[in-house]
2 protein chains.
Amino acid sequence: MKLTSKGRYAVMALVDLARFDNISPVSLRDISLRQGISLDYLEQIFSKLRKKEIVKSVRGTQGGYVLNKKTKEIKLTIIFDAVDEKVKTVQCKKESKKGCNGKLTKCVTHNLWDDLDKHINNFFEQKSLEDLVKNNIEKRI
Amino acid sequence: MKLTSKGRYAVMALVDLARFDNISPVSLRDISLRQGISLDYLEQIFSKLRKKEIVKSVRGTQGGYVLNKKTKEIKLTIIFDAVDEKVKTVQCKKESKKGCNGKLTKCVTHNLWDDLDKHINNFFEQKSLEDLVKNNIEKRI
DNA sequence: TGATACTTGACTATTTTAGTCAGGTTTATA
DNA sequence: TATAAACCTGACTAAAATAGTCAAGTATCA
């Protein structure tokens, strides 16, 4: 049970962006250096974030990225969704009218995984970028 | 963010076992047929469960497996632990004295992942096999 | 003593992940 | 208007993890 580094990097990069974008756009190069994430990989990630309107890009010299929403509104849910980090702990097959395990019933643990997904998503829906930035400033990390 | 099928199968098989083992040992062959899990794979999983004393084996004809603890005591935590299903959503590197991201500090999201792991583990520590079996009987799945 | 069932360990195809690489296009500013 | 900084896109790939399979046992009950 792991989170992919794409999801993790997306959050790290956005926290970084949230802390610096009040002055001017933040270049991916800067984020790359500060967070230790490959520039090429960051570009892939930000392309997705831009499509979901979480960030805006500013082109040209001195350009970069800016947040496109308030930090309070950017919940982890929408970040993970943007970079295809799915919280689907178990994929029960939906073959025609069959349930999981190839039979007509649901598998014995079906409800359990549903509950688990809800539990995790609940966490992601509550945490916003604002929380993370605050947490960082408070603890002076 | 996915659970491996090893973890899922382990839980499915144990729920199955919990429902049938009051009469006599349950053979893996039966579980395999009822739950649609490969027999060979089940053997790997039960070998691990036995080492952690979650189940006992009964050899010979009419043999099989029996639960080695009360269903109430078998929490998801110990099941996942037994089959190496780790809830470590993010692996921050621990290189000598360096933090994650190769710097001297913790990465900006370090505390977040710790919180997430706690949140998920909390769920697993509360759910027991008893809960799952009850849920199954009530809903007649 | 044979059938049943557990036990072990090696092996492997497939999929996913975590990037890299190459070759663009756009735009601010000197 | 040239140029460098920065974004943008898509194809490619090595390595790791996953989800099993396969083979060859050993133990024990009837």
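Below, chain A is the first sequence line, B the second, and so on; all start at residue 1.
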Atom pair distance, as rounded to whole Å: CD in B:E43 and P in C:dA5: 11 Å

A:V11 side chain near B:W113 side chain, heavy-atom distance below 4.5 Å: yes

Value in whole Å for how far the P atom of C:dC6 lies from NZ of B:K51: 16 Å

Atom-pair distance (NZ on B:K56; P on C:dC6), nearest Å: 15 Å

Touch class at under 4.0 angstrom, heavy-atom based, for A:F46 against every strand present: nothing

Between D:dA23 (P) and B:D40 (CG): distance, integer Å: 10 Å

C:dT7 phosphate, OP1 or OP2, under 4.0 Å from B:S57 side-chain N/O: yes

Set of residues satisfying salt bridge (charged side-chain N to carboxylate O under 4.0 Å, His left out) with respect to A:D40, sequence neighbours excluded: none

Counterpart residues, salt bridge (charged side-chain N to carboxylate O under 4.0 Å, His left out), relative to B:D30 (two or more places apart): none

Rounded distance in Å - CD1 (A:I31) to P (D:dA6): 12 Å

Could you go over nucleotides 28-30 of chain D and give all protein N or O partners under 3.5 Å, atom names and distances?
{"from": "D:dC29", "atom 1": "O2", "to": "B:T61", "atom 2": "OG1", "distance (Å)": "3.2"}

Step-by-step side chain to side chain contact (heavy atoms under 4.5 Å, CB included) determination, B:Y41 to B:K6: CA-CA 9 Å; B:Y41 207 23; B:K6 192 171 261 180; 3.9 Å; yes

Distance in angstrom units between B:L42 CG and C:dA5 P, rounded: 14 Å

Pairs under 3.5 angstrom, nitrogen or oxygen only, protein versus nucleotides 14-19 of chain C, please.
{"from": "C:dA18", "atom 1": "OP1", "to": "A:S5", "atom 2": "N", "distance (Å)": "3.4"}
{"from": "C:dA18", "atom 1": "OP2", "to": "A:S5", "atom 2": "N", "distance (Å)": "3.0"}
{"from": "C:dA18", "atom 1": "OP2", "to": "A:S5", "atom 2": "OG", "distance (Å)": "3.4"}
{"from": "C:dA18", "atom 1": "O5'", "to": "A:S5", "atom 2": "OG", "distance (Å)": "3.4"}
{"from": "C:dG19", "atom 1": "OP2", "to": "A:Y9", "atom 2": "OH", "distance (Å)": "3.0"}

Run the side-chain donor-acceptor check on residues 116-129 of chain A: report pairs under 3.5 Å with partners two or more places apart or on a different chain.
{"from": "A:D117", "atom 1": "OD1", "to": "A:T89", "atom 2": "N", "distance (Å)": "3.1"}
{"from": "A:D117", "atom 1": "OD1", "to": "A:T89", "atom 2": "OG1", "distance (Å)": "2.6"}
{"from": "A:D117", "atom 1": "OD2", "to": "A:K88", "atom 2": "NZ", "distance (Å)": "3.2"}
{"from": "A:H119", "atom 1": "NE2", "to": "B:H119", "atom 2": "O", "distance (Å)": "2.8"}
{"from": "A:H119", "atom 1": "NE2", "to": "B:H119", "atom 2": "NE2", "distance (Å)": "3.2"}
{"from": "A:N121", "atom 1": "ND2", "to": "A:D117", "atom 2": "O", "distance (Å)": "3.1"}
{"from": "A:S128", "atom 1": "OG", "to": "A:E130", "atom 2": "N", "distance (Å)": "3.3"}
{"from": "A:S128", "atom 1": "OG", "to": "A:D131", "atom 2": "N", "distance (Å)": "3.4"}
{"from": "A:S128", "atom 1": "OG", "to": "A:D131", "atom 2": "OD2", "distance (Å)": "3.4"}

Criterion side chain to side chain contact (heavy atoms under 4.5 Å, CB included) on B:D16 and B:M12, from CA distance to verdict: CA-CA 6 Å; B:D16 187 287; B:M12 285 172 72; over 6 Å; no

Test: A:R8 cationic atom under 6.0 Å from A:F80 six-membered ring centre, within 45° of axis: no

Candidates D:dA6, C:dT7, D:dC22 - which lies nearest the side chain of A:R29: D:dA6

Length of the CG-P vector between A:L49 and D:dC8, whole Å: 11 Å

I'd like a table of donor-acceptor pairs (distance under 3.5 Å, sequence neighbours excluded) in which one partner is a side-chain atom from residues 54-76 of chain A, with atom names and distances.
{"from": "A:N68", "atom 1": "ND2", "to": "A:E53", "atom 2": "O", "distance (Å)": "3.3"}

Side-chain N,O (B:S47) to OP1/OP2 (C:dC6) below 4.0 Å: no

Ion pair check, A:D84 and A:K48, cut-off under 4.0 Å: yes

Length of the line joining B:K48:NZ and C:dG9:P, which is rounded to integer Å: 11 Å

